[in-house]
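First the structure, in the form of structure tokens, and then the observations on it.
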Amino acid sequence: MKGRIKVADEVVEKVAALAALSVPGVADMGGDPARALEPVQGGAGSGTRHRNQGVNVQIHERQVAVDVAVVVEYGHVVMEVAAEVKTNVATTVSRMLGMRVTEVNVTVDDVRLPGETHLESASEDEPV
């Protein structure tokens, strides 16, 4: 049958973000701090944040490279969480989207302290 199937970059980014957020020890997606102040349209893990906060993908045909930035919860071993993010993102993107994942690069942007919320830490920098 003729025709083609195209998966939008935003879909790959959302799948990768949800895969990263599902890893124990990941508190949030990292990325541009200015975007952190944009309103969250859904609950945590709903995938409705700014479309690519913390995730960047490069797609070439059916191959994809993924860059992910995360915030790790204090008390978790950063390297173990990052390694699990790498594995989970690669497996989930490959399984759900049928794409070959050529690489997953993980950047740990921050550590979330107990009781700290994302907006509290960002609002501390604002003038009173």
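Heads up: numbering here begins at 1 and tracks the sequence.
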Met79 and Val71: same hydrophobic cluster, using ILVMFWY side-chain contacts below 4.5 Å? no

Distance, nearest 0.5 Å, that separates CE of Met99 from NE2 of His60: 11.5 Å

Smallest heavy-atom separation, Ala27 atom then Arg112 atom, equals CB-CB, 3.7 Å

Shortest non-hydrogen separation from Ile59 to Glu61 and the atoms involved: CG2-O, 3.6 Å

When the side chains of residues 90-98 are checked against the rest of the protein, which donor-acceptor pairs come out under 3.5 Å, sequence neighbours left out?
residue: Thr91; atom: OG1; partner: Thr87; partner atom: O; Å: 2.9
residue: Thr92; atom: OG1; partner: Asn88; partner atom: O; Å: 2.8

To check you understand the geometry: which heavy-atom pair defines the closest contact between Asp109 and Gly31, and what is its length? OD2-N, 2.6 Å

For Ala20, check side-chain contact (heavy atoms from CB on, under 4.5 Å) against everything at least two apart and list the hits. Met29, Val68, Val70, Val85, Val89

Let me confirm one number: the CZ-OG1 distance from Arg62 to Thr102, rounded to the nearest 0.5 Å. 14.0 Å

In terms of hydrophobic clusters joined by side-chain contacts under 4.5 Å, are Val78 and Val23 together? yes

When you compare the side chain of Lys14 with that of Val55, does any pair of heavy atoms fall below 4.5 Å? no

Could you tell me if the side chain of Asn56 sits less than 4.5 Å from the side chain of Gln58, heavy atoms only? yes

Drop me the distance from Asn105's CG to Lys86's NZ, to the nearest 0.5 angstrom. 7.0 Å

